[in-house]
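In what follows, chains are A, B, ... by sequence order, proteins preceding strands, each numbered from 1.
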Amino acid sequence: MVEITIRKRPRTEAVVTQHKFLKKTARGKVIKVLRERYLRDDVACGIQGCPVCDMPAEDVLPVAGDKEHPMFPNGHFILPDTNVFLSQMDLIESSLFTPPIILLQTVIEEVRHRSLPLYNRLKALTKMDDKRVWVFYNEYRSETAIVREEDETPNDRNDRGIRSATSWYSAHITLAHPPVRGRVSEKVPTIVLLTEDAANREKAERSGISAISVRNYVNKMKNATQLLDLLSATGTNELEPTRASSGGRAALYSDYLSTSTLLAGIKSGILHQGHFNANQYNYLEGSVSVAAFDKSVLLVGRENMNRAVDGDVVVVEIFDEKEWRASTNEVVDQDATLKNDDAEASGDDGEELDTNSLVDEESKLVRNGAKTVGTERQPTGRIVGIIKRNWRAYVCHIDSTSLSTATSTSLALQTVFATPVSRLLPRIRLRTRQAPILLGQKILVTIDRWDAHSRYPEGHFVRALGKAETKEAEQESLLLEFDVPYRPFGKAILDCLPKEGDQWVVPLKQDVSKEWRDREDLRELIICSIDPPNCQDIDDALHARQLPNGNIEAGVHIADVSHFVLPDNPMDSEAASRGTTVYLVDKRIDMLPSLLGTNLCSLRPFVERLAFSAIWEMTPTAEIVNVRFTKSVIASKAAFTYAEAQTRKDDPNLNDPLTQSIRLLNTLALKLKEKRMAAGALNLASPEVKIHLDSSESSEPIDVEQKELHETNSLVEEFMLLANISVARKIQDTFPQTAVLRRHLPPPKANFEKLQDILQKRKGMTLDVSSSGTLAASLDKCVDPAEPAFNTLVRIMATRCMLSAEYFCSGSVGRETFGHYGLASPIYTHFTSPIRRYADVLAHRQLAASIGYTPLHATLHSKSHVERILDVVNRRHRMAQMAGRASVEFYVGLALKGRGEREKKDGQGHVRESAFVIRTFRNGLGVFVSKLGIEGLVMFKRDTQFDPDNYTITVPGAGGDVHIAVFDKIVVDIEVEKDKNTQRGKINMTLVEPVDSRAL
Amino acid sequence: MGSRVEILNEGGFRSDGRRQFELRDMTIDLSQRGIADGSALITHGLTQVLVSVFGPREAKMRSQTIHDRANINVEVSVAAFSTGERRKRSRGDKRILEIASTIKSTFEPVVQTNLYPRSQIDVFVQVLQQDGGVLQACINGTTLALINSGIPMLDFVCAVTGGVHSTSPMLDLTLLEENDIPNVTVAMMPKTGKIALVTMETRLHVDRFKEIFRLVSDAGKVIHGEMKSAVLSRSTSLVTAMGSGPRTRGGDLEERDVDDQMNNY
Ligand SMILES: [Zn+2]
């Protein structure tokens, strides 16, 4: 039994412990907030062997502190203040930065208040094996808790709290080092307050605390050279005070409004808040979607974008309606336009030049924007403030032209440009001593700040990923860019695997074996799996057989992952945070250790495996008579590829039970599909290509081809959908508050407007988007008999107009929004791939509980817990998809390069493919090469005659003017070239037919 | 939601510095208030409730007279300044009526009403400040006020709230916690271990419920200890003031006496 006590609060403490204040809510109501706080003496200091504090045996700070730092020969602990974590997290995270850290509660809360991403990194830091961090709850310890004084700002209060905790530690630590009579007293380690704030340091020193700035601290460290590069630019302020003092320097951008003005403006509807989206074609344009307008707000020119970076939450001011513009429909490439900017000079001495060029760009855009009139115009405005920065680490290349010296031995401090791989981001200015070494490498850079007088954001170097275009560097940069956790599984996680390792087998069927408890023995069933070639993680298998009553029994058997992955152990937490397995062309980053994924849970043929089965009884017309779910033991009889299964089904000479089973499944699947389509399900498309790799070692792709689809693909798909829907119903019935479901919201009608307009004008086709059924029907009619690929193209474009599907907790949203638009199913979940998707693992647990197999783990009863997990899983899913696509793109690029070189040898010189026009610009065309699944740009050197309303450009050809419009088929030469300065790979397309664009 | 408060942080502290199984500071004031026959001012942390008991006295209304026992009439009022959002609640407010009826039904089987046929016991509950656990404070306050007025009861009724954050149970919730996590209020009778009331307005899985229920019942015993010593010291000071009885024994008055006294009134 636990000890229950009453926490007594002495009357005298009331000043410190009771807190009443009035607060105004967003709606303008005044609310009285009551808080109390219980101060205690049992908050532990975390220093090993402390005679007064009661602490856990492990994870404590060494009693002597750290003696490596020459300034503190007696040993020391560092106690960083909030700003250190806010601005120098990369430094603290570095494995070279090893002093023991005392982390105050005040600091954690302040970090959380300021930035959630940093807060999450801070939390991860406290759990890292190679870091010594102790969290001290100073606000709850009676000696260190303080109250804000009347004329004190919250910041000052926190600073005082941090200082008071530092003094307390300095006094407290002597207890662990008692002076021994008759001996020279032991050296007492110093508690060092790490802070960037000079005033704070001064106050600290006055009260006898030793305080130091981060830069001075790092300067004296052993690894100073490497560590100094990790310091963020905010730290340079005090190194070069003249630089920061903005004496007489003209600001390039207007200052942001104060937070209170912003909030007031948003509330009164004058200002609008939204996410900033950069335009990938034109670096001088961006947009912000706000609630008040259907169309997103256009921002033209860097001055109006006012230092926003893609993903930031910004506040915009809308211009007068007569100043509204249309998007310029122009491709403006940052690298080409700004190649002459000087990293050292920009924003420093050359401000005159800078302001001029901002004006230049601006005027050019004004001219272009003014030309377009009518329907195209959208709300236009400028950014007046930032609510939240969403800066992260970006993968970049160093721009070689920005180096003042490229001698590889030079260790001179240089200011250089880093060009992010993503085209949505501005170049980042950074100062480094390692510039020559970093040339030609992929590096990780974070943005630290972007001042009004600096043209570019300033950042710092985090680490090098390796030489550009090497498989390893590309792979890692891709994983980093999409935030995919890719570290190998740690020991604590691997310890959760069965002790037998790969020797694990399903035990003999006995009453005593726990594996067999409540499990059905389905080993005799004729079960097989159908997957893509070389599939190692087989998570589903199927069977079907005729029943005596004329009905058919069909079963879907899913790997019983939840038998091995138990709730709330390290393996489970890791899988939850990974969310999904990520498939790159040449690598798979597993969600679960491979022992499970590719062995124990993989439903390989001829071995007994644990499964979770959904078994239906269906009429021959595929009406469901009943469904049941059971844990089972199966032994698959075969593992087919789609093609093999197809051949087997179609071979009239075969009539064995396995083939019969496939045929039965196929007949049912056809009927299921028919019903689904009748209900209005969409047949969507995304460009899918397959990369042939020569061998697993070499990274040279041999060829790219489109994925082939068999009837058996659809067979498996239909049964997986059926299983998912049946499971969704069951868990929603049993756990209406916390069932893990998946939905696809219907797309807003406005998303389709542009596509509808293009189809109408160019092809005379209409798209009825009133429901998924009508959309499906009208998509079916978008056929160009001459162009079989046209329909696929329209489907791809329609897919892009839709929202993405998402996981959600059933108790968190209204029942009427459960539906899956694309599948036209009122309810849906993911159950069929628990090896590679975490949501499926949760669905398995809930299904197991709903059939009474196990009680449901407490976490799955908690709505907030389920919501939290699904938020992570949703994000990881999106990122995994994007990472997969980027990986395919990279390989398509390599393949193209290879093909181009081969063809050059043959005298052809170019990779020539036919393509569809999908977008027209004033100075170029956006094209889609369906055979390769890639999109590209054809650029013209001079402006063309451009008719934005009809999506047509007119270019001079050999025999008079030639019109090119969206959906036209053209032929392009494709070439992969590397940017000379940044080594960033780029696909270049030139028009060959109907006109040769090299002349334009 | 960057500034949202953590319900239970990794150091095992709740937002107010307590650990999971620590109850809030509790004060009890049983001194005479106005013309009430017995009253109690009780606080659990920042939640404060004043309960006054009148009676048993002759029933005012005929319709409410019960021929073989006393009628317990409970009226609850919530001070407009007691909540965060200043709001005047009328007496007919559904929420208030519900609290009143819960209190009434909790105490009806515990108060020995059969000793006072055709009479009425009035219990006036005033909620002065709210920071979670209002029902708990109302019930504990009522117990004390009834005892203080000398009305015989079978046992104390001690109430505590409990909740579950993710998988961690916690006791005596503040308003902040109450708004965030599923919770239950349990009133128990320490002598018999019987449960007088269980109420829950949020969903809680049955397995979790079992765990939290046991815990809350145990916590009731702790509350009982606190209430008993308050009653004891009140009796002692009264006895001393009247100048009679075992003056010298003072605080040594055996605990059992108070309980017995109630039964034999
Ligand atoms: Zn200590």
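The OG atom of B:S15 sits 11.0 Å away from atom OH of A:Y38, with the distance rounded to the nearest 0.5 Å. The structure places CZ of B:R208 at 10.0 Å from OG of A:S862, a figure rounded to the nearest 0.5 Å. Of the inter-residue distances, the one linking B:F13 atom CZ with A:R40 atom CZ reads 5.5 Å to the nearest 0.5 angstrom. Of the inter-residue distances, the one linking B:D180 atom CG with A:S864 atom OG reads 6.5 Å to the nearest 0.5 angstrom.
For the set B:I181, B:L215, B:N9, B:I223, the count of heavy-atom pairs under 4.5 angstrom toward chain A peaks at B:N9. For chain B, the option among A:Q737, A:K863, A:R868 with the highest count of heavy-atom pairs below 4.5 Å is A:Q737.
Shown here for B:G45 and A:E36, the closest heavy-atom pair between the two residues is CA-OE2, 3.0 Å. Residue B:V222 comes nearest to A:I6 through the heavy atom pair CG1-CG1, 3.7 Å, listed as atom of the first residue, atom of the second, then distance.
Residue A:K388 does not touch chain B at all, counting heavy-atom pairs closer than 4.5 Å. Of the two parts of B:L175, neither the backbone nor the side chain holds a non-hydrogen atom closer than 4.5 Å to a non-hydrogen atom of chain A. There is no contact between A:P567 and chain B, counting heavy-atom distances below 4.5 Å. For B:R24, the parts lying under 4.5 angstrom from a heavy atom of chain A are both the backbone and the side chain.
A:H861 places none of its side-chain heavy atoms less than 4.5 Å from the side chain of B:T167. No side-chain heavy atom of B:E6 sits under 4.5 Å from any side-chain heavy atom of A:E109.
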From CA spacing to verdict: side chain to side chain contact (heavy atoms under 4.5 Å, CB included), A:R35, B:L176: CA-CA 9 Å; A:R35 291 272 188 280; B:L176 190 95; 3.4 Å; yes

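Distance alone, capped at 3.5 Å, is enough to place a donor-acceptor pair between the A:Y137 side chain and the B:G11 backbone.
Open room surrounds CZ on B:R214; 12 or fewer heavy atoms of other groups in view lie less than 6.0 Å from it. In this structure, A:K131 places its NZ atom where more than 12 heavy-atom neighbours from other residues, nucleotides or ligands lie under 6.0 Å away.
When the heavy atoms of residues 16-23 of chain B are compared with those of chain A, the residues falling under 4.5 Å are B:D16, B:G17, B:R18, B:R19, B:F21, B:E22, B:L23, listed by number.
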